[in-house]
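Quick notes on the structure that follows.
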2 protein chains.
Amino acid sequence: MNRTNVGANLPALRSHNTALVLDLLRTAGGDGISRLELAERTGLTPQAVSKITGRLREEGLAAEAGRRASTGGKPRTVLRLVPEAGHAIGVHLDRDELRAVLVDLDGAVVGERCLPMDLGAGAEAVVEGVARAAEGLAESVASVLGVGVALPGPLDHVRGVLHRVTGFPEWDGFPLRDALAARLGLPVVVDKDTNAAALGLAVADEGASFAYLHLGTGLGAGLVIGGVVHRGARTGAGEFGHQVVQLDGPVCGCGNRGCIEALCLGAVGRGDVAEAARVLGVGAANLVGLLDIDLVLLGGRTVASAPEEFVAGVRAVLRERARGEEAVPVRIAPGGVRGVAEGAAQSLLAPLFGRADG
Amino acid sequence: MNRTNVGANLPALRSHNTALVLDLLRTAGGDGISRLELAERTGLTPQAVSKITGRLREEGLAAEAGRRASTGGKPRTVLRLVPEAGHAIGVHLDRDELRAVLVDLDGAVVGERCLPMDLGAGAEAVVEGVARAAEGLAESVASVLGVGVALPGPLDHVRGVLHRVTGFPEWDGFPLRDALAARLGLPVVVDKDTNAAALGLAVADEGASFAYLHLGTGLGAGLVIGGVVHRGARTGAGEFGHQVVQLDGPVCGCGNRGCIEALCLGAVGRGDVAEAARVLGVGAANLVGLLDIDLVLLGGRTVASAPEEFVAGVRAVLRERARGEEAVPVRIAPGGVRGVAEGAAQSLLAPLFGRADG
DNA sequence: CCCACTTTCGCAACGCTGTTGCCAAAGTGC
DNA sequence: GCACTTTGGCAACAGCGTTGCGAAAGTGGG
C-alpha cells in the first residue's frame with residue numbers, strides 16, 4: 001500500500017489489491033500471467049486473486065488469453081490486460097512544437113498529432129491548441145481518462161500552475177491545469193518534461209531507481225526512486241543543470257558559477273563533446289553516490305547528436321569512481337522524440353496501477 | 001499504507017491503522033489527543049478509532065489522560081501513549097567510544113552507558129562489549145524490542161553486514177547483525193551513523209524531507225525523504241563527502257579530485273572555517289536543488305566547534321542560490337552527542353509506528 | 001481405453017475489518 | 001431544571017480476504 005498518513009478501510013484495501021493485480025497484468029504484457037502466478041507475486045491467496053480478476057473481467061479490464069502447458073494437472077489459464085479498455089492523452093509542449101499522443105492501457109501509442117506551436121503565442125492560443133489536439137485524438141475512442149501535459153521549466157505539479165517557463169515570462173503563475181480541465185471537461189495533470197520522461201521510463205521497470213538526464217537546450221534531470229518519480233516538497237526536484245561542480249567556475253545564466261549546465265553546454269559549444277560528457281559524468285557520479293541509484297539514462301537533442309560519445313564519457317567517470325566495484329550502468333533512454341508525450345500520458349494511467357506520485 | 005508490491009489483507013489493514021494511531025499518539029506527546037482528533041487526522045470514522053484505541057488500551061499501549069474543555073457538550077477524553085509499555089536499545093559505536101541508550105516508546109532516554117571502546121580491538125571483543133552494555137541496560141525493564149547499532153562507514157543495512165569501516169579493514173564483511181542477534185537473542189538492526197542520526201531527527205517531524213550533514217573526522221549525510229530515511233538500492237546513499245564540487249581539484253583520500261570532504265576538511269585544517277562552511281554550503285545547495293528538501297541540519301564534532309559560523313556560512317550560500325525566493329532553513333541538529341544512539345534505538349521503534357525503511 | 005493422480009479454480013461458509021444507526025452519558029447555557 | 005450539544009459505546013451490517021471442499025481438466029501408467 002502506498003505511503004500515506006491516512007487510515008485505510010475496506011474500499012481502500014480493495015482498490016490497492018486491484019491496482020496491484022492490474023499492474024502485474026500490465027507488466028506481464030502480451031504473454032499474460034496466470035492466477036496462481038498473481039497469487040505468488042502479490043502474496044494473496046489464489047481465491048482472492050480469482051475474485052479480483054473476476055471483477056476485472058466483468059468490467060472488461062482483463063480477459064482470458066489461452067492457457068499454459070500442463071505440469072501434470074489442469075493447465076493454468078493465462079490472463080491479460082485488455083488495452084482498449086482505457087485511453088489517456090499525453091501532450092508534450094516544447095518551445096516550438098506541440099506533440100500529442102493517444103495511448104491505451106498498455107501505454108502503446110494508438111494515435112499521434114504533431115504541429116508547430118509557439119509557446120510565446122499566449123496562454124489562450126496555446127490552451128486552445130492543446131485542447132483541439134486532445135479532442136481530435138479523443139474522437140477515435142469511447143472515453144479518455146484524462147490529459148497529461150509536460151513542458152519545460154519549473155512548475156507546481158500539485159496545483160498545476162506554471163512558475164516561470166524559461167524564456168517565456170508571460171506564463172508565470174498561469175493555472176494551466178485548471179484552464180485546460182475547464183476547457184476539456186477532463187482531468188488534467190501538468191508536469192515538468194524531465195519528470196514526464198522519467199515516469200514513462202519508470203513504468204517499464206517495477207520499483208527501479210534511476211536518473212534520467214536530459215541534455216537539450218538546457219540540462220535537467222528526472223529522478224525515479226523506488227519506482228516513483230521524486231518531485232520534492234515544492235515539486236522542484238531535479239535541478240540537475242545548476243549543480244555546482246566547479247567552485248568559482250565560469251558564470252552561468254542562473255547567476256551562479258560552475259554549474260554543470262554552463263560547463264557542459266560550453267564544452268558542446270566549443271565542439272568538445274568528450275569534455276561535455278566528462279562534466280556530465282561527474283554530475284551523474286555525484287548523483288549516484290548521493291542517492292545510490294541503479295541506472296543512469298541519457299536523453300535530449302544534444303545527447304542524440306553524439307550518443308555513443310556521451311554514454312562512453314559518462315560511463316568512464318562512473319567506472320573510475322566505482323573503484324573496482326561494479327559501476328552503475330549508463331544507457332541512452334529509449335523512447336525517442338515521443339518519450340515525453342508518452343510519459344505525460346502515463347501520469348493518468350499510473351494511479352490505475354497503484355503508482356502514486358512521490 | 002507503506003509502499004510495497006505485496007497484497008494486503010485484513011490483518012495488514014489492521015496493523016496499518018493501528019500503527020497510524022500509535023504514531024499520532026506518539027507525536028501528540030504528553031498533551032495527548034482525543035479520539036475525534038484521531039478520527040479527523042486518519043480519515044477513519046470515530047467508531048473505528050474507538051475500536052483501535054480500545055485494543056491499544058487493553059494491551060497497555062495507550063491510556064486515558066484527562067479530558068479537554070467542553071465546547072458545549074460532553075468533553076473529549078484525551079488519550080496518550082504509555083511510554084513504559086516498550087523499550088529499545090540504541091548503540092553508537094564510534095571509533096574510540098561506545099555509547100548505549102535505553103529509550104522508551106516515546107523515545108525518551110531512560111538509561112545510558114558510555115565507555116571507551118577501540119573499534120580495532122577485534123570483532124569478538126566489540127560484540128561482547130556491545131552485548132554487555134545492552135544486557136546491563138535491559139535489566140531495568142521488563143522486555144526490550146531489540147537493539148539498534150549505528151557505526152561509521154559503509155555497510156549493508158538489509159543484511160546487517162559491514163563493508164569496510166574506514167580505518168578498520170578487519171571488519172570487512174563481518175555479519176554484525178547476526179552475530180549480535182545470536183549473542184543477545186534479540187532483534188538487531190545495523191545502520192550507518194549518519195542514517196541513525198537522520199532517523200532520530202525524522203521521528204519528530206511527520207513526513208518531513210531534510211538532509212542531515214555530519215562533519216566530524218569525515219563528512220557524510222543522512223537523507224530523509226517524506227519522513228523516511230533514504231538508503232538507496234545498495235544501502236549506500238548519503239555519500240555526501242565525496243561529491244565532487246571542484247573539477248580537477250585537490251586529490252582526496254578516496255582517489256578522486258575536488259571532493260567536498262577534502263576541500264572542507266582542508267579548509268578546517270588551515271583554520272579557515274568560513275571557507276569550509278562555504279564549501280559545505282555549495283554541497284548543501286546542490287542537494288537542496290536536486291531533491292527539493294525542506295531543511296538542512298548540521299552536526300558532528302567539527303561543526304560543534306564553531307556552530308554559528310557553519311550555520312551562517314551554509315545559510316549564506318543557500319540564500320544566494322535561492323535568488324529572492326525563500327531559502328531553505330539551516331539549523332544545528334538537536335540531539336547532541338546522544339543523537340546517533342537515540343536514532344539507532346528508533347530503528348526498532350519506527351516499525352511500530354508505521355515508519356518503514358526507505 | 002480406463003483409472004489414479006495432479007493441478008486449477010470456483011462456490012459457500014467464515015472471521016474480521018471498518019461503517020452505520022442508535023442511544024446513554026456528560027457536559028453547557030438559558 | 002430543562003433543552004441542547006457533543007462524546008463515545010453497543011449492536012447490526014456490508015464487504016474484504018481466507019478456509020474448506022469439490023468439480024473440472026489435464027497427465028501418465030496399465
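Atoms considered below: every heavy atom in the structure, side chains included; atoms not considered: hydrogens, waters and symmetry mates. Numbered from 1 within each chain, the chains take letters A, B, ... in sequence-line order.
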Practice problem: Decide, yes or no, whether a salt bridge links A:E40 with A:R35 under the criterion of side-chain N to carboxylate O below 4.0 Å. | Solution: no
Exercise. Find the distance B:N17:CG to D:dC16:C1' and express it as a whole number of Å.
Key: 13 Å
Quiz item: If we only count heavy atoms from C-beta on, is the A:H87 to A:V110 side-chain gap below 4.5 Å?
Solution: yes
Quiz item: Within a reach of under 6.0 Å around CZ of B:R26, are more than 12 heavy atoms found that belong to other residues, nucleotides or ligands?
Solution: yes
Quiz item: What's the shortest heavy-atom distance between B:N195 and B:G222, and which atoms?
Solution: OD1-CA, 3.9 Å
Quiz item: Minimum heavy-atom separation for A:G227 to A:A202, with atom names?
Solution: O-CB, 4.3 Å
Under 3.5 Å, N/O pairs linking protein and nucleotides 24-26 of chain D:
unit_1: D:dG26; atom_1: OP1; unit_2: A:R67; atom_2: NH1; d: 2.7
unit_1: D:dG26; atom_1: N2; unit_2: A:G72; atom_2: O; d: 3.1

Quiz item: Would you say B:L81 and B:D106 make side-chain contact, with heavy atoms under 4.5 Å?
Solution: yes
Quiz item: Can A:V141 and A:L102 be said to form a side-chain contact (heavy atoms from CB on, under 4.5 Å), step by step?
Solution: CA-CA 9 Å; A:V141 293; A:L102 179 71; 3.8 Å; yes
Quiz prompt | Pairs satisfying salt bridge (charged side-chain N to carboxylate O under 4.0 Å, His left out), at least one member in residues 65-91 of chain A, at least two apart | solution = A:E37-A:R68
Quiz prompt | Residues in contact with DNA chain D, drawn from residues 45-57 of chain B - heavy-atom cutoff 4.0 Å | solution = B:Q47, B:S50
Exercise. Test B:Q346 against every option in B:L199, B:V229, B:L201 by the side-chain contact (heavy atoms from CB on, under 4.5 Å) rule and name the one that passes.
Key: B:L199
Self-check item: Salt bridge flag under 4.0 Å for residues A:D23 and A:R355
Solution: yes
Self-check item: Contact list for DNA chain D against residues 33-41 of chain B - heavy-atom distance below 4.0 Å
Solution: B:R35, B:L36
Quiz item: Is it true that B:D178 and B:R159 make a salt bridge, defined as a side-chain N closer than 4.0 Å to a carboxylate O?
Solution: no
Quiz item: Taking 5' to 3' order, which nucleotide of DNA chain C is first and which is last to have an atom within less than 4.0 Å of a heavy atom in chain B?
Solution: C:dG15 to C:dT28
Exercise. Would you mind telling me which residue lines up with the more 5' stretch of DNA chain C, A:R76 or A:L10, judged by nearest nucleotide?
Key: A:R76
Self-check item: Under the side-chain hydrogen bond (donor to acceptor under 3.5 Å, both in side chains) test, residues paired with B:R55 that sit two or more places apart
Solution: none
Practice problem: Sort out for me which residue in A:I33, A:L56, A:L79, A:L61 forms a side-chain contact (heavy atoms from CB on, under 4.5 Å) with A:V21. | Solution: A:L56
